[in-house]
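Structure first, commentary second.
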Amino acid sequence: MSNAKLVAESGKILDVAAKDAPLTVRGLTVSYGNKPAVFSVDASIPAGSMTAIIGPNGAGKSTFLKGALGVVPRLSGEVRIFGKLFEDARDRVAYVPQRASVDWDFPARVIDVVLMGLYGSVGLFRLWRARHREQAMDCLKRVGMVDFADRQIGQLSGGQQQRVFLARALAQNAEFYLLDEPFAGVDAATERAIVSVLKELKAEGRTVVCVHHDLSTVAEYFDRVLLINVRRIAEGPVKTTFTAENLQETYGGRLATTHIDELHLA
Amino acid sequence: MINDLITALGAEFVQLSLTPIVIGTLAAIACALPGNFLLLRRQALIGDAISHVVLPGIVAAFLVTGTITAVPMMIGAGAAAIIAVIMIEIVKRLGRVEPGAAMGLVFTTLFAAGVLFLEITDTSSVHIDVQHALLGNLESLIWFDANGWGSLLDPAALATLPPQLPRLAVVLVAITLFIFLFWKELKISTFDAAFAGAVGIRTRTLGFALVVATAVAAVAAFDAVGSIIVIAMFVCPPASARLMTNQLARQVGWSVIFATISAVLGYVFAGYGPGWFGSPYAVSAAGMIATVSGVILLLACLFGPQRKRTGQQAET
């Protein structure tokens, strides 16, 4: 059954197969102050897919992720992660916040940050042990940062910081990865490294969702898109949903037609 | 020279100086420990706020009970701290202002109310005044029944220790336990609150617990050493420690070392320092302890190995 049919009608998720989907969202509304940042958004992310969340600045892409995970309070809406409440499926999910949302001057080394990803497997009132350190080093290896393990995080470039965040998410060994702008302000080598890790995750049958900015790489990196501008504009496979028409609707006048032509859309 | 030292550290030292030094050190460490996290969360001002608002609480407790016994004072101070935290939250939400502004507004108002309370009510019969509130009475916390180091093993003499000492010791143990048991949670939520929330750490509860720990430290220390030390110890040792290392655990360790040095050196300088310059007087120990912690911070700023800020700051 095609993914496009899963959300047949706004507000209703009909398909039974979607029940255990990594993420099912119905009518999600989040507001800061009086203005809704995300208004009544529906989404359904199928297992094993790689989805880009796309929309203009201030369209609520990050807020959608945070609202879905309960990092910010929801005004209304229902969210299911693998068919359960997030609280009951927490250890199957890895969330990577925006790199700029933390203070990189915090007194920690690279390895300390990656070890945070193993929080769930350490146990209450216990501290990280040698085997956790080994696991963390393996994750650093996967993002090519093993030589930086003892480096202070403030001494890293933006791209290196982003890789450390990805390594922390890998340490969580989750089935579902949600990344907020993983490619923002990173160098080309880092972008390639991150994409190849994300594709590995997908090849292992895991599900990946990224808030993404660069429209020119959507088709290359992802197989599905979720277009948001406060409301949900469209959701589905890149081939059928990443169209000039939908983009125009998402971005309004902010996207020049010439820009759209360069995207080699379906 | 050796004899001088033995005399200096003899019976008189145990009776007059040992307990103030120990109390000052316990107070300094109890404040410095939560101060590390407050500093990294950019909430250092909350220690300042709490140490100011305990004054009206203590005055109110005195007015209600008519005595200056410890328990009602602590209850009054604790209640004032809780009211202040709630007021700060209300001002922050209703006024939609940044936390620093809300804290500044609440604590200056409450402190002023406390001073006003003191002025218009009759507290002249007891030792409670603005001077006491600011600088405490560290020098007066002497151990009357001590007659030498042997008193440390004498149960009868130990029973007459100033009550601030065991009280601060209990508070310090409690705060140390809190930080030790919730080390991972404090570290992760201080660095990345959104991630901490996603992995199931109750960041709001933990943040509130940290403020409660801060309030407990402030109230216990305030009674012994006044608000000047409390404010200085929440900020100076952790800030100096941050400049010494890039690892959180080591930062906390350094902050304990700096708090101890401040308390011990500050007390010694205050008591004996003026004498070295031929003055017969002593200066306020609390003021001197705070001053030493400030000097340590200055030295750390000039010579600390990690004084260069390299990391980008968070955008939000």
Side-chain angles (χ1 to χ4, degrees), chain A residues 32-33 62 65-66 68-73 86-91 93-109 111-113 115-128 150-158 161 165 168-169 171-172 174 178 180 185, chain B residues 36-37 39-43 93-96 177-204 238-255 304-316:
Chain A
Y32 299 122
S62 299
L65 281 194
K66 288 182 193 163
L69 298 182
V71 174
V72 296
F86 176 54
E87 288 70 34
D88 303 322
R90 217 185 272 287
D91 49 355
V93 175
Y95 167 58
V96 181
Q98 274 179 34
R99 183 168 56 83
S101 69
V102 306
D103 179 5
W104 289 91
D105 205 42
F106 187 85
R109 295 162 303 172
I111 186 84
D112 296 325
V113 174
L115 282 168
M116 292 179 188
L118 293 162
Y119 171 75
S121 63
V122 175
L124 196 63
F125 303 148
R126 307 199 64 172
L127 291 172
W128 292 282
D150 290 320
R151 194 73 74 86
Q152 145 71 9
I153 53 173
Q155 295 168 353
L156 305 177
S157 71
Q161 289 172 351
F165 260 21
R168 180 178 70 177
Q172 291 179 266
L178 299 106
D180 200 344
Chain B
N36 281 291
F37 295 96
L39 189 80
L40 293 170
R41 290 164 172 246
R42 315 209 178 277
Q43 290 180 339
R93 293 202 182 158
L94 292 186
R96 295 215 190 107
L177 267 181
F178 166 65
I179 289 177
F180 184 73
L181 291 177
F182 293 100
W183 178 259
K184 294 191 304 293
E185 288 80 4
L186 282 167
K187 182 176 183 176
I188 296 174
S189 66
T190 301
F191 172 61
D192 189 344
F195 175 81
V199 296
I201 296 171
R202 296 178 183 279
T203 51
R204 274 168 169 255
S240 315
R242 177 65 192 90
L243 299 166
M244 299 302 291
T245 174
N246 274 326
Q247 286 179 49
L248 184 60
R250 291 184 187 176
Q251 178 189 318
V252 173
W254 274 108
S255 74
Q306 308 297 341
R307 66 189 190 282
K308 283 204 187 74
R309 286 180 68 94
T310 47
Q312 299 141 294
Q313 286 183 45
E315 278 171 8
T316 46

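Just so we're on the same page: letters track the sequence lines, and every chain starts at 1.
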From A:Phe106 atom CZ to B:Asp192 atom CG, the distance as rounded to the nearest 0.5 Å: 10.0 Å

Between CG on residue A:Asp150 and CG on residue B:Asn246, distance to nearest 0.5 Å: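 Atom-to-atom, A:Asp150:CG and B:Asn246:CG are 12.0 Å apart.
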
Counting only non-hydrogen atoms closer than 4.5 Å, does [X] touch chain A with its backbone (N, CA, C, O), its side chain (CB onward), both, or neither?
X        : result
B:Arg250 : neither
B:Gln247 : both
B:Thr190 : both
B:Phe191 : both

Are B:Trp183 and A:Arg126 close enough that some pair of their side-chain heavy atoms sits under 4.5 Å apart?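 No, too far: nothing below the 4.5 Å cut-off.
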
How about B:Glu185 and A:Leu124: do any of their side-chain heavy atoms sit closer than 4.5 Å? yes

Can you tell which of B:Gln306, B:Gln251, B:Met244 makes a side chain to side chain contact (heavy atoms under 4.5 Å, CB included) with A:Pro107? B:Gln251

Please tell me whether A:Phe125 and B:Phe182 form a close aromatic pair, meaning their ring centres lie under 6.0 Å apart.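 A:Phe125 vs B:Phe182: aromatic centres under 6.0 Å.
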
Under 4.5 Å heavy-atom distance to chain B, tell me which part of [X] shows up: side chain, backbone, both or neither.
X       : answer
A:Val93 : neither
A:Glu87 : neither
A:Val72 : neither

Contact summary for A:Gln172 and B:Val199, nearest pair of heavy atoms: NE2-CG1, 3.4 Å

Any idea which heavy atoms bring B:Ala198 and A:Tyr95 closest together, and the distance?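 Heavy atoms of B:Ala198 and A:Tyr95 come nearest at CB-CD2, 3.7 Å.
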
Do side-chain atoms of B:Lys184 reach the backbone of A:Met116 as a donor and acceptor pair under 3.5 angstrom?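 Not a single qualifying donor-acceptor pair exists.
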
